[in-house]
Asks: 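Below is a structure I'd like to ask you about.
Computation of the quantities below employed the complete heavy-atom set of this structure, encompassing side-chain atoms and omitting hydrogens, waters and symmetry-equivalent molecules. Read the numbers this way: they start at 1 and go in the same order the structure lists the ligands and their atoms.
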Amino acid sequence: MIKTVPTTPFEGQKPGTSGLRKKVSVFQQPRYLDNFVQAIMDSLEGTAGQTLVLGGDGRFYNREAIQIVIRMAAAKGFGRIVVGRGGILSTPAASNTIRKLGAYGGVILSASHNPGGPDGDFGIKYNIGNGGPAPEKITDAIHARTLTVDRLVYVDTPDIDLNALGDFPVGEAIVSVIDPVADYQVLMESLFDFDRIRALFASGFRMRFDAMSAVTGPYATAILEGALGAAPGTVINGTPLPDFGGHHPDPNLVHAKDLYDLAMSPDGPDLCAASDGDGDRNLIIGKGQFVTPSDSVAILAANAHLAKGYAGGIAGVARSMPTSAAADRVAKAKGIAIYETPTGWKFFGNLLDAGLVTICGEESAGTGSDHVREKDGLWAVLLWLDILATRRQSVAEIVREHWATYGRNYYSRHDYEEVEAAGANAMVTELRAKLPGLKGQRFGGLEIADADDFAYHDPVDGSDSRNQGIRILFTEGSRLIFRLSGTGTAGATLRVYVDRYVADAAQHGLDTQEALSDLIALSHEIGGIERHTGRKTPSVIT
Ligand code: G16
């Protein structure tokens with residue numbers, strides 16, 4: 001029943017910001033995925049008879065990968081492997097299922113917002129028993145094991161039919177195929193006032209949700225159109241496709257441009273929203289009003305108490321370092337803690353588990369709370385809806401009022417995608433070397449107050465994470481941040497984050513790129529971007 005076959009290690013199986021992401025063709029090499037799954041299994045202890053949750057975003061290679069993980073998890077001795085029907089579970093739904101079942105952990109198959117299809121990307125990550133991405137201690141152990149793995153252990157069994165709900169034996173284990181949506185919907189109903197949101201839709205409120213032919217389609221259709229009474233057609237691109245219809249399932253202003261244009265049109269819906277490949281990111285655009293992810297986390301933190309799940313108030317807020325400091329001012333006004341963590345949702349897990357924070361957010365379109373241990377696209381949309389249903393104001397009015405109360409952070413991220421890794425690395429090395437001399441330097445009206453390579457000390461487990469992004473902080477409170485993405489699969493992606501705080505309400509109506517133009521010019525001067533990458537302009541501006 002158990003089959004053991006020899007293997008040899010593959011290079012480059014080091015998990016990035018969120019698991020191992022590579023081109024599909026890389027994963028399709030014989031034994032490539034198997035090696036990584038074996039490394040996960042070999043890193044886990046005390047799994048006998050335990051439950052493992054398994055699902056993915058339905059992208060190309062999902063079904064084949066699910067069967068491999070089932071065979072290896074059963075051989076590892078897991079007692080129950082809980083799989084979403086069709087191999088589908090959104091990332092937040094997987095996190096919820098792990099928590100609800102008290103599972104040992106979970107394996108999520110996704111490359112998130114990266115393109116899919118045979119020429120696209122695939123990914124895999126391991127989540128721990130709190131439902132969140134494995135911390136670095138565990139991903140480091142998995143990586144170490146990939147370097148020495150020498151045998152693969154499977155239960156020798158035909159493929160499991162994932163389209164039928166029910167329990168199926170695989171070796172000594174039981175595979176339970178579950179409805180991917182049901183438990184998640186129950187959780188959302190516990191947090192938000194569905195009657196109030198239903199009344200909002202009944203009053204003529206119009207919405208468009210673009211599921212980008214990715215995993216949130218079934219969730220959004222069941223909840224928005226089914227439970228909340230939004231008009232049929234509210235959810236578009238609602239059927240998950242292995243290649244996401246040939247589109248890039250990244251809900252930003254480039255890849256969701258049609259949605260943006262709709263929101264900006266005079267007769268557009270009151271709210272346009274989208275989520276990404278695996279359902280953990282969100283895009284929020286009101287009629288005529290784009291909400292930056294950094295503003296969104298601040299506005300949600302300021303208003304969360306209006307939703308029943310957060311009526312008792314929030315314990316604290318956490319944001320990733322490159323995220324604008326808009327949420328900091330909300331935390332200060334509320335007298336609650338704010339934490340600044342490195343990029344990567346895994347860094348929020350300890351803070352959430354310890355009850356130090358309730359709401360977390362990232363500039364990369366991720367927002368979430370302590371209801372799961374992943375960011376959650378549909379949750380963010382529902383919290384916005386509950387706030388809109390309570391305040392009965394437009395998104396634009398809520399955003400403007402927020403800026404008037406707390407001030408505005410003009411914020412933009414410039415991505416230079418798929419540049420040569422050598423040039424990008426040389427740029428970072430050069431910047432690091434420059435850091436000690438930058439303090440006190442003046443560039444036009446800007447003076448550098450401090451410059452460092454961000455390091456994080458986790459207040460819960462005491463771990464330290466260094467080299468998490470180069471920060472140049474100006475005396476006026478503005479920031480320039482340089483970081484290399486940990487989620488790309490081709491070459492390197494340089495991210496430059498530009499942040500300027502403006503308190504004066506008379507200055508809140510400027511165009512973002514214009515309001516940041518001096519800082520953007522300076523990013524080229526200080527970083528030597530063109531010299532190192534050959535690029536004059538970014539590939540994506542968000
Ligand atoms: C992942 C992580 C996020 C991170 C994002 C971007 O999101 O979970 O915490 O902000 O990648 O990371 P990077 O800047 O390194 O590309 P997702 O939605 O891709 O899983």
Side-chain angles (χ1 to χ4, degrees), residues 14-22 56-57 59 90-92 94-95 108-116 120-127 131-136 139 212 214-216 244 248-252 255 274-283 293-294 296-297 318-324 340-349 351-352 360-368 372-380 413-419 424 428 454 456 465 467-470 481-497 538-540 542:
K14 185 172 171 47
T17 308
S18 185
L20 184 70
R21 290 187 194 170
K22 302 280 178 193
D57 61 12
R59 69 177 59 224
S90 78
T91 292
S95 183
I108 301 178
L109 303 169
S110 170
S112 189
H113 55 289
N114 296 13
D121 293 344
F122 190 76
I124 175 169
K125 68 173 181 169
Y126 176 69
N127 279 29
E136 283 185 327
T139 55
M212 304 190 96
V215 79
T216 42
F244 309 119
H248 197 139
D250 190 350
N252 63 26
H255 300 299
S275 189
D276 69 332
D278 62 332
D280 58 2
R281 297 185 174 208
N282 72 88
L283 172 69
S294 294
S296 188
V297 61
R319 64 164 173 85
S320 65
M321 179 275 282
T323 305
S324 93
E340 187 178 32
T341 61
T343 294
W345 204 263
K346 59 193 172 200
F347 291 103
F348 294 138
L351 300 173
L352 290 163
C360 305
E362 294 188 286
E363 50 67 38
S364 57
T367 333
V372 289
R373 293 294 181 274
E374 290 277 5
K375 55 192 190 273
D376 188 344
L378 209 45
W379 169 90
R413 188 175 95 186
H414 287 206
D415 291 336
Y416 300 78
E417 294 180 327
E418 299 191 14
V419 301
V428 171
F454 182 63
Y456 178 63
S465 302
N467 302 330
Q468 297 293 328
I470 290 174
I481 294 148
F482 297 84
R483 229 192 112 245
L484 298 185
S485 160
T487 58
T489 59
T493 291
L494 166 67
R495 303 202 196 283
V496 180
Y497 310 81
S539 17
V540 178
T542 46

Asks: Using a 4.0 Å cut-off to any heavy atom of Lys375, which atoms of ligand 1 qualify?
Replies: 1 (C), 2 (C), 3 (C), 7 (O), 8 (O), 17 (P), 18 (O), 20 (O)

Asks: With atoms numbered from 1 as shown, which atoms in ligand 1 lie under 4.0 angstrom from a non-hydrogen atom of Arg495?
Replies: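 The list of qualifying atoms is 13 (P), 14 (O), 16 (O).
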
Asks: For Asp280, counting its heavy atoms only, list the atoms of ligand 1 lying under 4.0 Å from any of them.
Replies: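 Numbered from 1, ligand 1 contributes 18 (O), 20 (O).
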
Asks: Sub-3.5 Å donor-acceptor pair from the side chain of Arg59 to the main-chain atoms of Asn114, do we have one?
Replies: yes

Asks: Which atom names give the shortest non-hydrogen contact between Gly368 and Trp345, and what distance separates them?
Replies: N-CH2, 3.5 Å

Asks: Under 4.0 Å from any heavy atom of Arg21, which atoms of ligand 1 are there?
Replies: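 Taking each heavy atom of Arg21 in turn, ligand 1 has 17 (P), 19 (O), 20 (O) under 4.0 Å.
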
Asks: Applying side-chain contact (heavy atoms from CB on, under 4.5 Å), run through Arg413 and Ser364 and close with a yes or a no.
Replies: CA-CA 9 Å; Arg413 188 175 95 186; Ser364 57; 3.8 Å; yes

Asks: Grab the two heavy atoms, one from Thr341 and one from Phe454, that are nearest each other, plus how far apart they are.
Replies: C-CE2, 3.7 Å

Asks: What about Arg413: any of its N or O atoms under 3.5 Å from an N or O on ligand 1?
Replies: no

Asks: Does ligand 1 have an atom under 4.0 Å from some heavy atom of Gly344?
Replies: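 Checking ligand 1 against Gly344, which is what was asked, there is a heavy-atom contact under 4.0 Å.
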
Asks: For ligand 1, is there an N or O atom under 3.5 Å from any N or O atom of Leu484?
Replies: no

Asks: Mark up the atoms of ligand 1 that fall under 4.0 Å of a heavy atom belonging to Arg483, in ascending order.
Replies: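 In order of numbering, the contacting atoms are 13 (P), 14 (O), 15 (O).
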
Asks: Please state which protein non-hydrogen atom is closest to atom 11 (O) of ligand 1 and give its distance, to 0.1 Å?
Replies: Thr487 CG2, 3.3 Å

Asks: Do any N/O atoms on Asp278 end up under 3.5 angstrom from N/O atoms on ligand 1?
Replies: no

Asks: Once the angle between the rings of Tyr456 and Phe347 is folded into 0 to 90°, is it parallel (under 30°), tilted (30 to 60°) or perpendicular (over 60°)?
Replies: perpendicular

Asks: Does a side chain donor of either Thr542 or Asp415 reach within less than 3.5 Å of an acceptor in the other side chain?
Replies: no

Asks: Give the atom numbers and elements of ligand 1 that come within less than 4.0 Å of a heavy atom of Gly486.
Replies: 13 (P), 15 (O), 16 (O)

Asks: Mind checking whether Glu363 has an N or O less than 3.5 Å away from an N or O of ligand 1?
Replies: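 N/O-N/O distance below 3.5 Å does not exist for this pair.
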
Asks: Any atoms of ligand 1 less than 4.0 Å from a non-hydrogen atom of Ser112? List them with their elements.
Replies: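 Matching atoms, with element in brackets: 17 (P), 18 (O), 19 (O), 20 (O).
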
Asks: Determine, considering heavy atoms only, which of Glu362, Arg281, Lys125 sits nearest to atom 5 (C) of ligand 1.
Replies: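 Shortest heavy-atom distance from atom 5 (C) of ligand 1: Arg281.
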
Asks: Given the rule in the side-chain contact (heavy atoms from CB on, under 4.5 Å) test, do Ile481 and Met321 qualify, once you have shown the distances and angles that lead to the verdict?
Replies: CA-CA 9 Å; Ile481 294 148; Met321 179 275 282; 3.7 Å; yes

Asks: Under 4.0 Å from a heavy atom of Thr343: give me the atoms of ligand 1 that qualify, with their elements.
Replies: 4 (C), 10 (O), 12 (O)

Asks: Nearest heavy atom to atom 10 (O) of ligand 1: which of Ser364, Ser485, Gly19, Ser110 does it belong to?
Replies: Ser364

Asks: Compute whether any side-chain donor of one residue and acceptor of the other, for Arg373 and Ser95, lie under 3.5 angstrom apart.
Replies: no

Asks: If you compare all heavy atoms of Lys125 against all heavy atoms of Thr91, which two are closest, and at what distance to 0.1 Å?
Replies: NZ-CG2, 4.1 Å

Asks: Is it the case that Ser112 and Asp278 place a side-chain donor and acceptor less than 3.5 Å from each other?
Replies: yes

